[in-house]
Structures are given as C-alpha cells and as structure tokens.
Amino acid sequence: MLQPATAQAAKAITITVDGVQLKTDQPPAMIQGRVMLPLRAIFEALGANVNWDPRSQTVTGIKGDTTVVLKMKSKTATINGQTVTLDVPAQILRGRTMVPVRFVSEALGQDVDWNSRNQTVTIKSDDTPSNISISPASNVSVRDVNDQGDGRDMEVSFSRSSTESYVDHYRVMVLKASKSFNLASALKVSPSNYSVVSTSSSNLAVTLSQNSRDVDGDYIRNDQPYVVRILAVGKGSYSSVLSSSSPKITLTNLSSVTEVTSVKISDINDFGDGRDVSVSFTRPQNDNNIANYRVFIVKTKDASNFNLTTANNLSSSYYTTVNKSGSNGSILTGTLSSTARDTSGDLIKNNVPYTAVVLSVSNSNSVGNKLSSGSSSVTLGQNTMSTPVITQVNDVNDFGDGRDLSVSFNKVSDESTISAYRIFVVRANNYPDFTLSKANSLGNTYYTQVNKTGYNITQVLSSGARDTDGYAIQNGVSYRVFVMAVANNSANNVLSPVSNPISLFSNNLGAVTNLNASDISDYGNGRDLFVSFNKAVDESKISHYRILVVPTANNTSFSLTEANNISSNNYTTVYKSGKSTYEQALAENTKDVRGNAIKEGTSYQIYVLTVVNGNSVGNNALSAPTSTMTLTKNFNVQAVTNLNVADIDDNGDGRDVQVTFTKPFEESNVNHYRILIVPTAYYSSFNLSQANSSTYYITENKGGNIATTRTLDGLRDVRGNYVTEGTSYRVYVLTVSNGNTPNTYALSSASPVITLSKSKGVQAVSNITVSDIGDYGDGRDLQISFAKPSDESNIASYRILVVPASKANGFDVNAASKVTNYTDINKGQYTMSLGTGSRDTDGRLITNGEEYRVYILSVGNANSKAMYNLSNPSSSITLVERLAPVTMEKVQLSIQGDKNKYSDITISFDVKNGQNVTEYRVFMLPKNEADSFKDSDAINNTNSTRIYQNGLSNVSQSLNIDLDAFGKPLTASTEYVAKVLAVVKGNNILSNTSINSVQLLAKPDNTNGETSKDVQVNQ
C-alpha cells in the first residue's frame, strides 16, 4: 500500500540555471530526497513550452525535438514515448503542481549538480542566447600628441557604452583610413594588433605604445592616414559591437635631426658573414643634436618597405652602432661583426643582395630620429683564393703556456701565390670582432708564423706564444684560433673561419675561469672594485681563493711563484661556498700586491689564486688576468630631459613662465640644477661655457620628485634683463656636479621657444541643447541653449553653426572658423531661436526632415591668446511638422491561446496623425482604477508594453510584460482594461480607456484538480 508523500522541512534550497538564481512564487521543496519545483517555473526556465491538461491531470513539456510527459501521482513518465521510472511522482503541494527538478532538467538535455552542504541545485544549459545586443562606444576621437614617429604619438579617447555592465572590455583598433572594416573583420584581429582598455579604467583616453600596430599588423607610423574604431566585447553570451570611425588622422613629426648622406656598402672580406661588410657615410654638417648612428643591413628586396617606424622599433641585435668621431661633415665607417644580422633577424651571409640604411639617433626627446636613403645594393661573394681550414685545436701538454696548444689546419688549394701562414690565438670574448683587417695590422709578437710545406700542417706553439691582446697563452682562458694565408701581395691575404673554442688546463686543481672585474662606484678606494669568477672544476681539495690586485707596471713579471708568496695583508680571501660563480666587492682598505692602497688613476689587472688544502703550494693554480682597468669617477652628471615651458599667467614677468623637466635617474654626483632663460637672439651661440659663467639663474635642488615643475619668479635672462612680454626666449637647465665626477656640468637641450603674451585662452561653451519648438518649417522652429564658459573675459561673441549631420564627423575649429553661414549671439544671451532665413553651414535654408547637429564657436577678443574655440556638438535633431495631434481610437483587448498568461492578451487600436509618434506604451489597469489613471501617471511609468512606430494606421500587438500599470503581476482574479500613451516629441497623449475588458484563466499551476472557469471578455 502506497503511503502519502511527505515533504521534508525546507532548508532554503537554491536553484541556479546558467549561473542565474531561479526565483519562483513557491519555494523548492525536498520530497523523499528529491527537489521539487512548480512545473511551469522549471519547464519555462529551461526554454520548454508547457501544457497542462486538467482532464487527464497530465503535464506535457516540449523543447526542440524532445517531448516529456508526466502524469500526476504516477511513478512513470515518458520521454519521446519511452517510459521511464520516477523516484518521486509529480504531485500537488499546497495547491501547486510540483515536479522533480533533476528528472525534468536531464530529460531536456541539461547537466544537473546537487550540493548538499549548500542546498543548491546547479543546472547548466547549452542554449544561452548569443544575440543579445549591447550599445557601442561613442565619440571616438584621436590626437597626435608626440613626435616619436610611432604609436606613442597617438592618443585615443571615447565614451563608454551605455550598456557597459554587459561589456567585458574594449579593444582599440587602428586601421588605415582606406581600409574596409566591419564587425566580422574586428573579431578576427590578432591580439597583437589592438590595445585593450578595461571597463574599470577611470580614464578612457589611452596613449598607444612604441610597439602598437594597426589591424593589418603594420607598425603605426608617420604619413599614413588612419581612423580608429572601438570594439566593445560583450560578457559571456552578449554580442560584441563595433563603434563608428573616429575622424581621420595622419601622424607627422614637427622636427627631426639631419639624415646622413652618401651611404655606401662594400664587400671587404671573405668570412661569409657580417665581417665582410663595411658601411661608410657622410655625417651632417651639424650633428650636435645627434647621439650616434645606427647602421641597418636590409635585404634589398625589403628595402622599399623599410621605414623610420620600423627602424625605431628594432632592438640592438638588428643594427650596428657607430659613434661620432672626427669633425662634422666627415666620413664615418662601420665594420660589422661575425654575429651581425640583417633587419629580418637573419645572419648576414653570401649570395644575398643587401642595402645599407643609416639612422641618425636624436639625443633629445623634443627632436625625432631621421633615416637616410638606402645605399646601392651589394651581394657578398667568395674571393678567388681559398682560405685555410682549421681542423683541430688540442691541449697536448701541461706546461701552462703556448707549448700546450696544438693547431692543425688544411692548406689553401693553391699555394703558389702565398709565402707562409700565421696562427692567431684570440681570447674567446674578442673573436667576433677579429677581422682580416685586424690580422693584417698586428705585429709579429702577436702571432706564430709557419712556413708552407706543400702539405696540411699541425703546429705546436712555443712557450713565448702570445694571444692577440699581447698576453702569454696560459691555462684557464677560453681561446679561439684563426689562420691567415699570407699572399705574395698582402692585399690578397685571406683569413680562415674561426676554430672551435679551447681552454688549456693543468693536472693540478685548475685555475678559475671567466674572471671579470668592474669599477662600480666612486669611493676612490677598494670599494669601487667588484670581482666575479667561475669556480675551479673540482673543489674537493681546495681550501679557498685569493683575489690579487696587481698594478700593470708589475704585471709582466707576475707569476704563480710570486702569487704564492704574497702577504696576507695584500690579498682578499674568498672561501668556498659551493656556488658555480663567486662575486666579491672588495673592502675600503684593500691593498694591491705591492702593499699600496687601491686608488683612482692607477691601472690594475686582477688575478685569482686557487689554494689547495694543506701545504701543497705546488698544486696551487693561478688564473689568467683580467683586462687592464683604471678606477675613475664613474658617474658623469647627466642633463635633464623632457624640458618644456608654458605661458601660464599675465604678470608680464618671470612669474608667467612655467618650466617642467625630468631630473636624471642617477643624482649621486649632482649638487643642484640651474634654470637659465635665454633670448632667442642669442640662442644659436649659447653653449655650456656660457651657461657655466652666467650669474642669472634660479636654483632647483636635487632629489624630491623626478618630474619637476616651477615658475621663474623674479628671474632675469642670461643678459641680465628682466623677463618681459613680447620677447622670445628658450630655457636651458644646467646640471651642476658635487665634484665627484669627471664632468662638472651638463647642459640640457633647449626648450621650445616661448613668447610671453596675454595668455588666457578662449574657452568653449558646454551643454548645448536643441529643441523643435514650432511648425514654421524653417529656422524659427530651432531653439538652441548652452552653458557659458567659466571665464568670458577674452570672448567677444559666439557663433551658432548648424551642421548637416552627415558633415559633422570631422568638423573642427579650423573648419568652423571658415564658415560664413552662422548666427551671431552676444555674451549674456545663452538661449536663441533662429530666424526664418537661417541657413546651415552648407548655405542651405534650415528645413524639416533634415538631420542636424549644432556647434557653438567662441570668438576671442584682442586679449585672447587664440581667436577661436569650438564646442562639442549637440545631439542630433530633425525638425518635423507638429500641428495635427495624434489620436488613438477603438482601443480594444482580445485574448487567445491558453488564455492564462499575459502574452495571450492582444491590444489593438486605430491611429490618426501618428507620423510624429516615436512609440506607443500600453498600460493594463484594473477596471476599477482606470478612471483615476492620468497622463501624469503614464509619462514616467515603465510598467508598459512598448510598441514602436511602424507607420500603420491600425496597430495590434500582444503584451510583452506581465505587470499592470502599478507594477503588480497580472492575475486571474482581476478584470483589466487598457490605456495607450502616444509618445510624441514635446506632447505625449493618453488615449481613452479601452472599449472592453479581459480576465485571464487560472494557470494550471494553481489547479487542485478542478476545471478552470471560462475566460471573460466583457464588452
């Protein structure tokens, strides 16, 4: 016998569908371990249509090609005709038909999860709508704000989407102005080709970066017309939307340094790499504003597309730097290394045509770099004589000198034109720069000469053999070897490719390797010296290491024996740590091996002695020395950067001048800064010497904010004259050292020219509103009002400019100042209706049916710095005929379908004079409250079904909201009538009450097994 079902005590069970909580008028219930919900709530939440048959007590849910049928109190159900068993049957609880959530959800193809701890049912649907529309970003604008020749020049601003709560982020997309572009194109753009702006950003004005690219993947550059569009990317299932284009912009540089001329490229060697390439060019006659030059090797096929933006964005591995030397206008030559690469990133090699281009690099942010014209093309090739080929380099002995090194090489194929071979041993860190030219220039103490034999040669070097830096060959140093075939005519000498690396080692514990020393500070003693080295291969028998500082005057005789005998007062001990690399900053009182304090101005080399455990001194090992180094004052004082000036007031003296600049990052040797103002008449001759001797300046202390802003109160110019209006000046900043630096002063580049004047600018008006106030069909219908600027002292009058909306995009102050068709309006008058003869900016009479935007041009008087300033545009307006009032007649309600829900109710009515209506709003009213519902109740009421204007004289539509005009749900117990509000510009009109009323059937959810009453339609 079946026992009656009992519901467990509710524990606030929560149902979520696709992350959204499902709220029902009767809460979920737990019955026999299963969560139950009102049948219509769960079926409709999952997108299914549901039908209730009160006679058979059967619920039918249909979604797509799935049909689910449940019968009240039955433990079986059917899915597409197949019978399945239920744990708990559908049943009536507190007058509502309840069905099991898991069965219904899984039957309709959804995933269901139950969290017993949180009492939560989670349903995941796969049919979330994907076509929900969001509003685009608007007012997209773009400015040229810099002179870098790349994306840093471009500032983009825009207004947020009005539906930003549905927006995940914005994508700023820069496209060539000629490019066809739509939403589908925008969704395919690679992430590297747009900039992302977060919705949480407080500032929707973004300046792009040096590496910013357009949507085609090309770097943003000068002289290319662009427009910008903003893609608002929808959250989750919300569709993305693309904004309108910004006005067109073309980036330009205001100024740049001078380009080099006469660029030539030559094939000078036969290595088959960058060492074969020599590039020469002529310096500009004046290159004081140039820091250095960069030589780019471009494949000739790519040379026509190589531009300034590309050059500015390439890293140092793609070019060779040539520093200035000699006099202005002289010829500079750059020779490349074996690892030099072309601008595509490929190593330079034979049989590829190349073109050389040189970039003049500015030493100031206020002036841009400049790219030269390309050289003629050259293709690297093999010379006629073959080169020797090194086959082996070996460590064959244990003398600790050149006798340990054996070099084997193949002779040239034809020795008839050569006299001998020379073996060059090059320290591994120097070999990329070792060229045929270098080999030819070395004296005989720097190589080993071998006579030709007619056969391939193996040569063991001598005890006195030296490397190309002049040091004796020794253990612990990494070397590379070259062999040069010496021709009878030295112009035809050829150099072999480089050997594999080799380091000589002894059978003793071994010397340390990769020994380096650096001058890291300016104390003038041992603290300036920093030493690093790699440990010995086997430290098991090593006690410690000793760092020995040897004056170069004594270095030629410094040996292992001498190192072993140095007093403990004259070296620094480094104990084993197990690390592969040791680093040690020396102490203030460190002495050299002769017992003298380490000091500036003395040349040293550093050695490290590996010391074994016990007394086996003979097994100690001495490293190779470092390169010679001389401690100096390291940190030169640097000039300030980003120097700029502005006219900020009208005092007529230095108080009007505001100076901004960025202090150097390194200020340890700076004492203070001096700000000097120079009349432009003396600008061309003003230099560091004059700045040093000037007694007219203002002092700015070091430290504090690195970005400095101040005015020049009371300052005289460098000629001793007071700063005045009408005189043109440039400002300089002199960095003054504290004496601990090689250079005492550093002078900045000049600021832009500034001429003090009445500096108050003309301000633009704001908050422009436009209204259609009449039915004349001309300018008299158009009323304009606006908010005046905060300061009108420099404004003479205003001009009202009516611009056809099709011409408003790109309408700017330059265009506005040239317009002849405008309406003048005086200060003090901020609202005006135009006249019968008023015209738009194209000269056409203002008329109905034309869409316009209105701008206000502020016109300056004689005291203003600029003559004009243009407002933002008004919202668009189209004048229309307004005389005949709209009427809604025969307002009638009908009901169809199941007759138990709001969407079964249809409203219909006839319209007269509806051409000016933008929408109709249908309000459902309880019949007994209809008479009290007035126009004022309807105007700002959102509880309505909206019907948008379709131009028809008879309107009919089903309700799309389940609320009456007072925000209450429509119920089966209430008789309703309707009123319709016609929304007309400036004059909304409410209809009479509908000629009939309707009343819904009770929903099947509310049934207790009884048959519902018939629907009522009362005339």
Side-chain angles (χ1 to χ4, degrees), residues 143-155 203 205-212 220 222 251-257 287-292 308-309 312-313 359-370 635-648 654 656-678 680 683 686-688 691 697-713 715 718 728-737 743 745-756 759:
R143 295 195 304 144
D144 185 350
V145 297
N146 217 322
D147 283 317
Q148 303 291 345
D150 53 41
R152 292 173 291 178
D153 298 354
M154 186 175 288
E155 180 189 79
N203 183 11
V206 58
T207 301
L208 305 189
S209 71
Q210 179 179 1
N211 296 317
S212 294
I220 294 171
N222 287 339
L251 302 179
T252 58
N253 263 8
L254 296 179
S255 60
S256 62
V257 298
D287 64 356
N288 292 336
N289 58 357
I290 294 174
N292 54 52
L308 176 62
T309 301
N312 283 334
N313 281 283
L359 180 72
S360 300
V361 181
S362 170
N363 60 15
S364 167
N365 289 333
S366 62
V367 181
N369 299 343
K370 191 64 177 285
F635 299 114
N636 291 333
V637 292
Q638 299 174 346
V640 306
T641 56
N642 301 324
L643 177 59
N644 216 329
V645 290
D647 181 356
I648 63 165
D656 298 353
V657 183
Q658 182 186 70
V659 178
T660 61
F661 59 86
T662 302
K663 297 175 182 177
F665 179 77
E666 173 55 57
E667 287 189 310
S668 60
N669 288 331
V670 173
N671 183 275
H672 65 274
Y673 304 93
R674 297 176 186 172
I675 302 171
L676 307 105
I677 188 164
V678 182
T680 54
Y683 160 68
F686 193 74
N687 55 35
L688 178 62
Y697 56 80
I698 283 181
T699 299
E700 176 69 24
N701 294 327
K702 72 173 185 178
N705 291 333
I706 191 169
T708 298
T709 300
R710 65 166 300 158
T711 55
L712 307 185
D713 301 6
L715 179 62
V718 295
S728 295
Y729 300 99
R730 288 183 187 262
V731 173
Y732 293 79
V733 177
L734 182 70
T735 306
V736 181
S737 80
N743 64 327
Y745 303 97
L747 187 63
S748 71
S749 299
S751 75
V753 174
I754 183 172
T755 304
L756 300 183
S759 61

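One-based numbering along the sequence shown.
Under the rule for a salt bridge (Lys or Arg N to Asp or Glu O under 4.0 Å), R674 has no partner lying at least two apart in sequence or in another chain. Residues satisfying the salt bridge (Lys or Arg N to Asp or Glu O under 4.0 Å) criterion with D153, sequence neighbours excluded, are absent altogether. With sequence neighbours excluded, no residue satisfies side chain to side chain donor-acceptor pair (under 3.5 Å) with N289.
Residues L734 and A691 approach most closely at CD2-O, 3.8 Å, considering heavy atoms. Annotation for N369 and S362: closest pair OD1-N, 2.8 Å, computed over non-hydrogen atoms. The minimum heavy-atom distance linking T755 with S728 is given by the pair OG1-OG, 2.7 Å. The heavy-atom pair separating Q210 from N312 by the smallest distance is NE2-O, 3.0 Å. Considering all non-hydrogen atoms of both residues, A750 and R730 come closest at CB-CD, 3.8 Å. Contact detail for R152 and T207: the closest heavy-atom pair is O-CG2, 3.4 Å.
Here CD1 of I220 is found 5.0 Å from CG of L208. Values are rounded to the nearest 0.5 Å. The NZ atom of K370 lies 11.0 Å from the CG atom of L359; values are rounded to the nearest 0.5 Å. Within the model, atoms NE2 of H672 and OG of S737 stand 9.5 Å from one another, a figure rounded to the nearest 0.5 Å. Rounding to the nearest 0.5 Å gives a distance of 10.5 Å between CD of E155 and CG of D144. In this structure, OG in S364 is found 12.0 Å from CD1 in I290, a value given to the nearest 0.5 Å.
When atom types are taken as modelled, the side chain of K702 and the backbone of T735 share no donor-acceptor pair closer than 3.5 angstrom. Under a 3.5 Å cut-off, the side chain of E667 and the backbone N or O of G703 do form a donor-acceptor pair. Of the possible polar contacts, none joining the S751 side chain to the L643 backbone as a donor-acceptor pair under 3.5 Å is found.
Checked options N644, N642, V645; the residue passing with T660 is N644 (criterion: side-chain contact (heavy atoms from CB on, under 4.5 Å)). Results of the ring pair (Phe, Tyr, Trp, His ring centres under 6.0 Å) test with Y732 over F661, F686, Y745 single out F686 as the only residue that passes. Each of I698, L747, L676, V640 was evaluated against V733; a single residue qualifies, V640, per the side-chain contact (heavy atoms from CB on, under 4.5 Å) test.
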Quiz item: Should T309 and N222 be marked as a side chain to side chain contact (heavy atoms under 4.5 Å, CB included) after you check the CA-CA gap, both sets of side-chain angles, and the distance that decides it?
Solution: CA-CA 8 Å; T309 301; N222 287 339; 5.7 Å; no
Self-check item: Verdict with supporting geometry, D287 and V257, side chain to side chain contact (heavy atoms under 4.5 Å, CB included)
Solution: CA-CA 8 Å; D287 64 356; V257 298; over 6 Å; no
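At least one side-chain heavy atom of S749 sits less than 4.5 Å from a side-chain heavy atom of N363.
Side-chain contact of N313 with D150: a donor-acceptor pair under 3.5 Å is absent, judged by distance alone.
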